[in-house]
Amino acid sequence: MAEVLVLVDHVDGAVRKPTLELLTLARRVGDPVAVALGAGAEATASVLGEHGAVRVLVSDASEFADYLVVPKVDALQAAFEAVSPVAVLVVSSAEGKEVAARLALRVGSGVITDATDLEAGEQGVVATQAAFAASYTTRSRVSRGVPVITVKPNSAPVEPVAAAGAVQALSVSFGDAATGTRVTSRTARESTGRPELTEAAIVVSGGRGVNGAENFPVIEALADSLGAAVGASRAAVDAGWYPHTSQVGQTGKSVSPQLYIASGISGAIQHRAGMQTSKTIVAINKDAEAPIFELVDYGVVGDLFAVVPQLTEEINNRKG
């Protein structure tokens with residue numbers, strides 16, 4: 001069967017959930033061959049094998065930690081030439097998109113970004129995407145070369161399927177550009193105890209209606225009761241009520257959780273572009289004419305300061 005390259009997103013051998021989702025999608029079009037790079041690469045093999053990877057190509061060269069992006073492109077190109085895959089899958093992150101674009105340029109292929117689904121077609125892999133601020137759904141395929149596709153987190157379930165997961169060393173020759181930009185320092189992100197925003201299965205966001213940073217604990221309490229990530233609209237971020245790293249929207253982060261709860265958010269197109277592909281959307285807003293109600297699955301017209309605490313209390317009671 002044809003093989004599909006999957007670039008592994010991991011931290012010191014701990015595989016992140018979006019990579020396991022990629023393996024689910026990869027199995028729809030071929031046999032997944034994982035490419036694990038950097039410190040702890042070999043330690044990923046058991047988990048990857050448990051989720052369908054027939055092979056795991058590993059390289060733990062120091063260049064992956066010491067320099068930005070290009071060493072990973074060099075390695076993925078080496079894997080591409082060794083495997084001759086029918087597709088290459090990468091997680092849709094800022095770095096993932098850059099890696100995908102650079103690889104596609106090198107191998108003369110087309111690139112598709114932010115896919116939400118994949119299927120095998122008669123003329124190659126077909127990807128589903130949300131386009132024009134998620135106002136349309138498109139199905140597309142590349143017209144030249146092997147498709148290089150980035151996939152949004154939460155686009156597929158994690159489905160364990162036992163496979164060989166055989167570890168093979170990947171020989172990588174780094175080009176001159178690989179050492180062009182050196183990493184000089186790293187600062188660990190302060191942990192909130194909540195899921196990463198772009199990977200979370202549930203996201204609770206607050207907007208202009210929260211009316212101040214001092215009121216965001218209401219949003220956080222609901223998120224914590226659900227084990228969710230906390231997001232914010234651009235209006236809330238611009239006002240200084242919540243960090244930019246939590247902004248959801250066209251100029252912030254794009255999320256696609258199983259459940260998205262928008263509290264005090266009007267639903268401007270800028271915000272909708274970042275969350276409209278969520279599987280289930282719930283809005284809480286006291287303005288019955290707010291644009292957000294045009295796309296929700298469930299809407300509550302009411303004061304968020306009355307509705308959200310009651311919802312939090314009910315969830316906690318049911319958990320208890």
Side-chain angles (χ1 to χ4, degrees), residues 9 18 21 69 90-101 104 110-117 127-140 148-155 189 194-211 213 216 219 223 228-285 287 289-297 299 304:
D9 185 3
E21 297 168 4
V69 182
V90 183
V91 175
S92 263
S93 61
E95 181 181 81
K97 291 177 185 179
E98 183 172 354
V99 169
V111 63
I112 295 174
T113 59
D114 289 335
T116 57
D117 199 7
T128 300
Q129 297 166 281
F132 296 105
S135 298
Y136 295 89
T137 298
T138 65
R139 296 175 70 253
S140 44
V148 182
I149 304 171
T150 74
V151 181
K152 294 179 69 172
N154 291 313
S155 293
R189 184 178 59 193
R194 301 186 182 102
E196 164 63 29
L197 181 60
T198 57
E199 301 175 11
I202 304 174
V203 174
V204 180
S205 289
R208 192 188 304 275
V210 177
N211 200 30
F216 252 88
I219 305 299
V230 176
S233 71
R234 178 173 178 175
V237 169
D238 286 350
W241 300 345
Y242 223 67
H244 175 71
T245 52
S246 297
Q247 182 181 329
V248 175
Q250 199 162 25
T251 56
K253 293 183 177 178
S254 179
V255 299
S256 188
Q258 296 298 313
L259 172 63
Y260 188 87
I261 302 177
S263 300
I265 296 175
S266 64
I269 191 65
Q270 196 276 344
H271 186 76
R272 294 169 62 157
M275 46 68 72
Q276 197 161 333
T277 57
S278 302
K279 309 305 183 292
T280 300
I281 301 172
V282 177
I284 303 167
N285 200 299
D287 179 7
E289 302 300 320
I292 192 74
F293 287 122
E294 297 174 2
L295 72 150
V296 301
D297 297 284
L304 72 88

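Because the structure is a prediction, the values reported are computed rather than measured. Just so you know, these numbers use all the heavy atoms, side chains as well, and skip hydrogens, waters and symmetry mates.
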Can you sort out the partners of [X] under side chain to side chain donor-acceptor pair (under 3.5 Å), two or more places apart, ordered by chain and number?
X      : result
Arg234 : Asp238
Thr277 : Lys152, Ser256
Ser155 : none

Which residues pass the salt bridge (charged side-chain N to carboxylate O under 4.0 Å, His left out) test with [X], not counting sequence neighbours?
X      : value
Lys279 : none
Asp287 : none
Glu95  : Lys72
Asp297 : none

Residue list, side chain to side chain contact (heavy atoms under 4.5 Å, CB included) with [X], at least two apart or on another chain:
X      : value
Glu98  : Val69, Arg102
Asn211 : Asn215
Ala115 : Leu118, Ala127, Ile149, Val151

Is there any ring pair (Phe, Tyr, Trp, His ring centres under 6.0 Å) pair reaching into residues 264-285, and which pairs are they, with sequence neighbours excluded?
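The answer is Tyr260-His271.
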
Ring pair (Phe, Tyr, Trp, His ring centres under 6.0 Å) involving Tyr242 - partner list, sequence neighbours excluded:
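With sequence neighbours excluded, Tyr242 shows a ring pair (Phe, Tyr, Trp, His ring centres under 6.0 Å) to Phe216, given in chain and number order.
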
